[in-house]
Amino acid sequence: MIATIGRWLSIACLFASAARGQLGAGTPPGEAPSHAWLVLLNDEGQSALTHLAPRWSLPGLRGAEPGSLRHVESLSTAPLAIAARGARVYLVFPRTGGPEAGYPVMSVGVTAQDGRWVDEPPLRLAAERAIPAGGDLVALAGTPDGVVALLRLPKDGFGLLVLDGSDWRPVSAPPELPTSGAGLSLVGLGSGVGIIAVEPSGRLDVWEGALSRVLPDPPRGDVPSNRTGRRADPSPVPATWDASWSRRTVAGGTAPQGSAPSFFWMAGRLMVIERAGEDRLRLRADIGGTLREIAKIDDVPGAWVAAWHEDVDRIIVAVAAEGSEPRVIEVSGASGRELATVQAQLGSRMLPGDVRLLVLALGGVLFVVLAFVLRSDRAATPLPAGFAVARDWRRVLAGGIDLLLCASAVSIVLGGSIADALTLAWVTGAPDAGFGLLWTLGVGFLSSSVLETVTGRTVGKALTGCVVARAAQTPRRIGLGSSLVRNAWRWLFPPGAWLAYLDADRRHRGDLLAGSVVVEPIRERDSGSEPPRS
């Protein structure tokens, strides 16, 4: 709990600083729904990974509002590069052991749960296989085939690696890539990977590579037997990767200005967002082999970072805003029209587990306060003749039976399972979250009030031999008003109902206000048990 609260406070401070760097990513073409990610950096070198949820609605999940960012993880070290694939993002961090060490790789995914996106794994990043030593990282991109890394080799030349399952596999790179002077970037294409080289003159060359995964041929002939005389399984041979490359030059190239341009592939064409002045960005698209400007983004004097939602043709730019959360600008990739400009809405930083833990903690505190602070001494309760205070196991069993019966009725009427009728998802305030538990408690309140007024028993109490009666010598059922009072406390304030087990006569405050007590006939007492109270 303390760690969770500390995480919320650190995030609030983190996003009050200016975002810097070019660490944005979106899922490759053809993957839907599209997820996007941004790494925001502050002046102290701290960074935070944020998730930009899909902007269109899915079954049971409402699309995210424009400008909404969801915090995923605070990072002590800023990554060198990030890439997305599906609903997962991969982060490559600086190596710590010199050129002979590999680059650490971490990842985190998102999954829909209780009407909202939550992290998988929660509260941490998962370790992936490190990019092996042997070269310097130049660029990273997510493709439909896997995450691809471009490395500059110790001896002139470049190498490509594809994350195939849990290992990195080599892929041949174009031999004519410029080894000096040019800036290189990677983009995920609909059918592979693209390498973009920006020459100092502004010329832009694009190599488009179609990746293919080649499985090894099955073994032929006899396979040597093992010591048991059985045929031994052949050693597994990993798949190999191949690429076929084509090169083209795009006119109207982009000369670097300030921060590096951000390239991505959207709607079947190459796009770039770059600085075009002291306080302006421009969005350009490859139209007919020429980069043409389709949008200007003004009032961007400081740092910025961009990501994209390919499936809805939307580019998201986070602009540094001193002393406040970043300003988020969303632009159409098809028309260049500005769709939204808002201050970042960081969204809930609580996971559903955090909220439930907080609810349980507050409930525990409330229980202690009611049990030991608000309790008062009082005289023994008069009981109806021939009755004794019901034993605990009978009351607990009766309450459990009543709760399950109410949950079953709610699940049948509203649809879903009994677990849905007992869920706490509504506590999170998530869109489209179910209110099953509220319905269950409401049904329990009404049904118990009616049954205890008419018969003195609920179904659970009837099965366990308990009776709700007036706390008086004359055995008489309670009235409707008293039944409503005691069941309002029991069903609408469950923590308070459990205080009955700290009372000598097992009466919660609902019973005290209603003048009622739960009893059982003395004839049902086991031999040798305590005498009845009177």
Side-chain angles (χ1 to χ4, degrees), residues 114-115 352 356 359-360 363 366-367 384 387-428 433-471 475-503 505-521 523-525:
D114 295 338
R356 293 188 178 97
V359 170
L360 292 176
L366 187 60
F367 179 87
F387 289 86
V389 174
R391 285 168 288 184
D392 292 346
W393 71 266
R394 292 183 183 272
R395 300 187 61 166
V396 171
L397 183 57
I401 293 173
D402 291 337
L403 181 62
L404 288 177
L405 289 176
C406 293
S408 300
V410 169
S411 66
I412 293 173
V413 174
L414 300 183
S417 64
I418 295 179
D420 293 330
L422 296 173
T423 182
L424 284 173
W426 58 274
V427 178
T428 66
F435 286 76
L437 183 58
L438 289 181
W439 280 105
T440 298
L441 297 178
V443 170
F445 164 66
L446 293 176
S447 62
S448 296
S449 298
V450 172
L451 289 174
E452 289 178 2
T453 301
V454 176
T455 68
R457 298 179 173 185
T458 62
V459 176
K461 289 183 175 64
L463 293 175
T464 56
C466 298
V467 179
V468 178
R470 285 196 176 278
R476 184 164 64 88
R477 289 195 296 268
I478 62 176
L480 178 60
S482 298
S483 183
L484 289 172
V485 168
R486 79 172 303 273
N487 281 291
W489 186 268
R490 176 190 172 200
W491 286 98
L492 305 185
F493 189 56
W498 283 92
L499 291 177
Y501 298 100
L502 298 178
D503 185 87
D505 294 326
R506 300 301 186 257
R507 300 176 73 197
H508 50 66
R509 274 181 161 66
D511 283 320
L512 296 178
L513 293 174
S516 59
V517 62
V518 180
V519 296
E520 62 176 281
R523 63 176 179 274
E524 295 187 12
R525 284 286 195 181

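Remember, predicted model here, so these are calculated numbers, not experimental data.
- Listed here is the closest heavy atom pair of S483 and S448: OG-O, 3.9 Å.
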Task: Step-by-step side-chain contact (heavy atoms from CB on, under 4.5 Å) determination, V517 to D511 - done: CA-CA 6 Å; V517 62; D511 283 320; 5.9 Å; no

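- Listed by first and then second residue, the salt bridge (charged side-chain N to carboxylate O under 4.0 Å, His left out) pairs involving residues 397-410 are D402-R490 (not counting sequence neighbours).
- Here the closest heavy-atom approach between residue V468 and residue V518 is recorded as CG2-CG2, 4.3 Å.
- Going from atom CD1 of I478 over to atom OG of S516 covers 5.0 Å, rounded to the nearest 0.5 Å.
- Between L512 atom CG and R486 atom CZ the span is 11.0 Å, to the nearest 0.5 Å.
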Test log, rule side-chain contact (heavy atoms from CB on, under 4.5 Å), inputs F445 and V450
CA-CA 9 Å; F445 164 66; V450 172; over 6 Å; no

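- In this view, L446 satisfies the side chain to side chain contact (heavy atoms under 4.5 Å, CB included) rule with no residue, not counting sequence neighbours.
- Judged by distance alone, with hydrogens and angles left aside, the side-chain atoms of W491 form a donor-acceptor pair with the main-chain N or O of G444 at under 3.5 Å.
- The nearest pair of heavy atoms linking A462 to R457 is CA-CD, 3.9 Å.
- The salt bridge (charged side-chain N to carboxylate O under 4.0 Å, His left out) pairs that include a residue from residues 405-415 number zero, where partners must be two or more places apart or lie in different chains.
- Within the model, atoms CG of L403 and CG of L441 stand 7.5 Å from one another, a figure rounded to the nearest 0.5 Å.
- With sequence neighbours left out, the side chain to side chain contact (heavy atoms under 4.5 Å, CB included) criterion links A398 to K461, T464.
- Smallest separation of non-hydrogen atoms from S408 and S411: O-OG, 2.8 Å.
- Evaluation of the side-chain hydrogen bond (donor to acceptor under 3.5 Å, both in side chains) rule for S449 yields no partner, not counting sequence neighbours.
- Nearest approach of G479 to R470, heavy atoms of both residues: N-NH2, 3.7 Å.
- For the atom pair R477 CZ and E452 CD, the distance stands at 11.5 Å (nearest 0.5 Å).
- V519 and A469 get closest at one heavy-atom pair: CG2-CB, 4.4 Å.
- Ion pair E520/R394 flagged as a salt bridge, since at least one NZ, NE, NH1 or NH2 atom sits closer than 4.0 Å to an Asp/Glu carboxylate oxygen.
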